[in-house]
**Q** 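Before I ask anything, let me first share the structure, which is written out below as structure tokens.
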There are 2 protein chains.
Amino acid sequence: MNYELILNNIARHIPLDKEETDYFVSRITFREFPKKALLLKEGQVCNLLSYVHSGALRAYFIDGSGKESTIMFAVPDWWVTDMYCFLNGRPAMMYIEAIENSCIFQIRKEDLDELYIKVPKFERYFRILMQNAYTREQLRVIENLSLPAKERYNNFLDKYPHIARVVTLKQIASYLGITPEFLSAIRKSK
Amino acid sequence: MNYELILNNIARHIPLDKEETDYFVSRITFREFPKKALLLKEGQVCNLLSYVHSGALRAYFIDGSGKESTIMFAVPDWWVTDMYCFLNGRPAMMYIEAIENSCIFQIRKEDLDELYIKVPKFERYFRILMQNAYTREQLRVIENLSLPAKERYNNFLDKYPHIARVVTLKQIASYLGITPEFLSAIRKSK
DNA sequence: AAAAGTCCTTAAGGTACCTTAAGAAATTCA
DNA sequence: TGAATTTCTTAAGGTACCTTAAGGACTTTT
């Protein structure tokens, strides 16, 4: 198993000694998901936090009328879960699917809670992750409120060129909150 | 000075002994802001994190065309700042104004960074705050993408009845991402 | 290799929400 | 207290984005 990517991610924020590293590694499990596999389904217990080693995931929400909204894409070196439900022990509101064959590390909620106690430095690590996630979502709210779809699309391409290469236009449209037909019109008008 | 509210907030998440409490209290400063005062202006250095003891604040963003979008309201027992700029030492993108006479505790970025080192338990406290902030923003993104304005307005009234009582309809409209005129139409149609 | 499904696009007609303007009600200020 | 400002509303015309439908290009499955 290749732990380099995930351990480097952690090392960017907190220093771990050998023992702490081994303990962390012993708490995560590795899984492969083929393209189209679901890591999480609405209604399921959501007690896993996932880290993308390779491949790509998409988290999405299906509303009452059946419309899909993409909540986030996760590419290598990103963490993802239905965070609200993971933290509060609620049944999942989202779906998480592999949009490519993906290699994933996962940690269970109870192991994470124990990790915080055994290696308190991880409080800092996840504080920083949560801060980044918070400010990213807040910027997205601001964009959604203040920019028309065309500019949001251009910003998406600028900010996430590597994601844009991997996902379909339909998925980008559902991330931007518009229909594929309208995204098509936007692209034509460039 | 009345530290009860803020210390209770902290006690809900981490236990502090007398010494730790005193240290924390020594790092926060108290300020009063009259209604309409600005705590933060776009372009300013944003090196303060604010906690609302009483009153109410509003954080908003002004886009290129002069349109205001309300990012969040902060009522008693809430923390608020332009988090992205606070964390990254960037000039503020937002305005934060008192919408009532308000009593505020503030901590400076460098004191917070030192607090994490002297009392690492605060890593946990702020991790939990950031988690909650993240999931709140994410739910807002989902709502903005999947619900029409009328339902977003009803949800706002359900979720934040105490805020709805304090702020103007114009401010609610700018939080929902609609014009005051359209909010008026929505209210009429109930 | 054919069949089935999904994606992307085009186009026509519809709707949610915006812009501008203006007046009445409420609040702030002198 | 009266004047000024801001809020909330109504209404008419406009635009961004949606819905439905259909066809061609890929991709996946058999």
Side-chain angles (χ1 to χ4, degrees), chain A residues 33-38 55-56 58 60 62-70 73 95 97-101 141 143-157 163-190, chain B residues 33-38 55-56 58 60 62-70 73 95 97-102 143-157 163-190:
Chain A
F33 293 90
K35 186 167 180 171
K36 296 203 171 156
L38 283 180
R58 182 175 74 104
Y60 60 94
I62 300 184
D63 69 25
S65 67
K67 194 177 78 183
E68 249 182 47
S69 299
T70 293
F73 298 105
Y95 296 79
E97 74 168 347
I99 55 181
E100 296 189 317
N101 296 332
V141 167
E143 272 201 24
N144 286 173
L145 292 179
S146 63
L147 298 181
K150 184 175 184 171
E151 294 183 50
R152 271 152 42 215
Y153 175 59
N154 288 329
N155 286 355
F156 180 83
L157 296 182
I163 295 179
R165 251 174 266 127
V166 172
V167 305
T168 66
L169 292 174
K170 189 186 171 194
Q171 289 166 346
I172 295 179
S174 97
Y175 179 89
L176 298 174
I178 60 177
T179 58
E181 293 83 355
F182 190 55
L183 179 54
S184 220
I186 285 173
R187 284 159 53 83
K188 193 183 169 189
S189 80
K190 278 187 73 166
Chain B
F33 293 90
K35 187 167 179 170
K36 297 204 172 160
L38 283 180
R58 181 174 75 102
Y60 61 94
I62 301 184
D63 68 25
S65 67
K67 195 177 78 183
E68 247 181 50
S69 298
T70 293
F73 299 104
Y95 296 79
E97 74 169 346
I99 54 182
E100 296 188 318
N101 295 334
S102 299
E143 272 201 24
N144 286 173
L145 292 180
S146 63
L147 298 181
K150 185 173 183 171
E151 292 181 53
R152 273 154 36 216
Y153 176 58
N154 289 330
N155 286 356
F156 181 83
L157 296 181
I163 294 180
R165 252 174 265 124
V166 171
V167 305
T168 65
L169 291 174
K170 190 186 169 192
Q171 289 166 346
I172 294 179
S174 96
Y175 179 89
L176 298 175
I178 59 178
T179 58
E181 294 82 356
F182 189 57
L183 178 55
S184 222
I186 284 173
R187 284 159 53 83
K188 193 182 170 190
S189 79
K190 280 187 72 166

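Predicted model only: the values in this text are computed from it and were never measured. Lettering of chains follows the sequences in order, A, B, ..., and the numbering in each one begins at 1.
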**Q** Applying a 4.0 Å non-hydrogen cut-off, can you work out what B:Ser184 is touching in the nucleic acid: base, sugar-phosphate, or nothing?
**A**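 Base contact - B:Ser184 has a heavy atom under 4.0 Å of at least one base atom.
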**Q** Taking the side chain as C-beta and beyond, is there a heavy-atom pair between B:Asn144 and A:Leu145 under 4.5 Å?
**A**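 Of all side-chain heavy-atom pairs linking A:Leu145 with B:Asn144, at least one is under 4.5 Å.
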**Q** Figure out the NZ/P separation between B:Lys67 and C:dC17, and round it to whole Å.
**A**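 One finds 13 Å between P of C:dC17 and NZ of B:Lys67, rounded.
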**Q** Consider the side chain of B:Lys170, meaning its heavy atoms from C-beta on, and name the nucleotide among D:dC8, C:dC17, C:dT19 that approaches it most closely.
**A**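 Side chain of B:Lys170 sits closest to D:dC8.
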**Q** To the nearest Å, give me how far apart CD1 (A:Ile178) and P (C:dA16) are.
**A**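 To the nearest whole Å, that distance equals 19 Å.
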**Q** Would you kindly say whether A:Tyr153 and A:Arg187 are connected by a side-chain donor-acceptor distance under 3.5 Å?
**A**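 The answer is yes; a qualifying pair exists.
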**Q** Please tell me which of the listed nucleotides, C:dC18, C:dT28, C:dT9, lies nearest to the side chain of B:Lys35?
**A**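 In terms of side-chain proximity for B:Lys35, the closest of C:dC18, C:dT28, C:dT9 is C:dT28.
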**Q** Hey, does B:Glu97 have a side-chain heavy atom less than 4.5 Å from the side chain of B:Tyr60?
**A**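 Yes, close enough: below the 4.5 Å cut-off.
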**Q** Report yes if at least one side-chain N or O of A:Lys150 is closer than 4.0 Å to OP1 or OP2 of D:dT15; otherwise report no.
**A**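 Checking D:dT15 against A:Lys150, no side-chain N or O comes under 4.0 Å of OP1 or OP2.
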**Q** Given D:dT9, C:dT10, D:dC17, which nucleotide is nearest the side-chain atoms of A:Ala149?
**A**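 Side chain of A:Ala149 sits closest to D:dC17.
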**Q** Between P on D:dC18 and CG on B:Leu147, what's the gap in Å once rounded to a whole number?
**A**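 To the nearest whole Å, that distance equals 14 Å.
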**Q** B:Tyr153 has an atom OH; how far is it from atom P of C:dC17, in whole Å?
**A**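 Taking atom P of C:dC17 as the reference, OH of B:Tyr153 is at 15 Å.
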**Q** Just compare C:dT19, C:dT9, D:dC8 and give me whichever is closest to any side-chain atom of B:Thr179.
**A**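 Nearest listed nucleotide: C:dT19.
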**Q** With respect to the side chain of A:Glu181, which nucleotide from C:dC17, D:dC8, C:dT9 is positioned closest?
**A**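 So the nucleotide nearest the side chain must be C:dT9.
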**Q** If you assign A:Gln171 and B:Lys36 each to the DNA chain C nucleotide with the nearest heavy atom, which residue ends up on the more 5' nucleotide?
**A**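 Here A:Gln171 is the residue nearer the 5' end.
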**Q** Can you find a heavy atom in the side chain of B:Val167 that is under 4.5 Å from one in the side chain of B:Arg58?
**A**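 Side-chain contact under 4.5 Å: no.
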**Q** Calculate the interatomic distance between A:Glu100 atom CD and D:dT27 atom P; express it in whole Å.
**A**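 From A:Glu100 CD to D:dT27 P: 14 Å.
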**Q** Just how far, in rounded Å, is P of D:dT9 from CG of B:Leu183?
**A**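 Distance check: B:Leu183 CG to D:dT9 P gives 7 Å.
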**Q** What is the distance, rounded to the nearest whole Å, between atom CD1 of A:Ile186 and atom P of C:dC8?
**A**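 So the two atoms are 14 Å apart, to the nearest Å.
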**Q** Check whether any side-chain N or O of B:Arg187 sits under 4.0 Å from OP1 or OP2 of D:dT9, and answer yes or no.
**A**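 Answer yes for this pair, as a side-chain N or O of B:Arg187 is under 4.0 Å from OP1 or OP2.
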**Q** Kindly point out which of C:dC17, C:dT9, D:dT9 is positioned nearest to the side chain of B:Phe182?
**A**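 Looking only at heavy atoms from C-beta outward on B:Phe182, the closest nucleotide is C:dC17.
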**Q** Could you pull out the closest heavy-atom pair between B:Glu143 and B:Arg152, with the gap in Å?
**A**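 Closest approach of B:Glu143 to B:Arg152, heavy atoms only: O-CD, 3.6 Å.
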**Q** How close or far is atom P of D:dC17 from atom CG of B:Leu145, stated in whole angstroms?
**A**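 These atoms are roughly 13 Å apart.
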**Q** Considering only side-chain heavy atoms of B:Leu169, which listed nucleotide, C:dC29, D:dA16, D:dT9, is closest?
**A**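 It is D:dT9.
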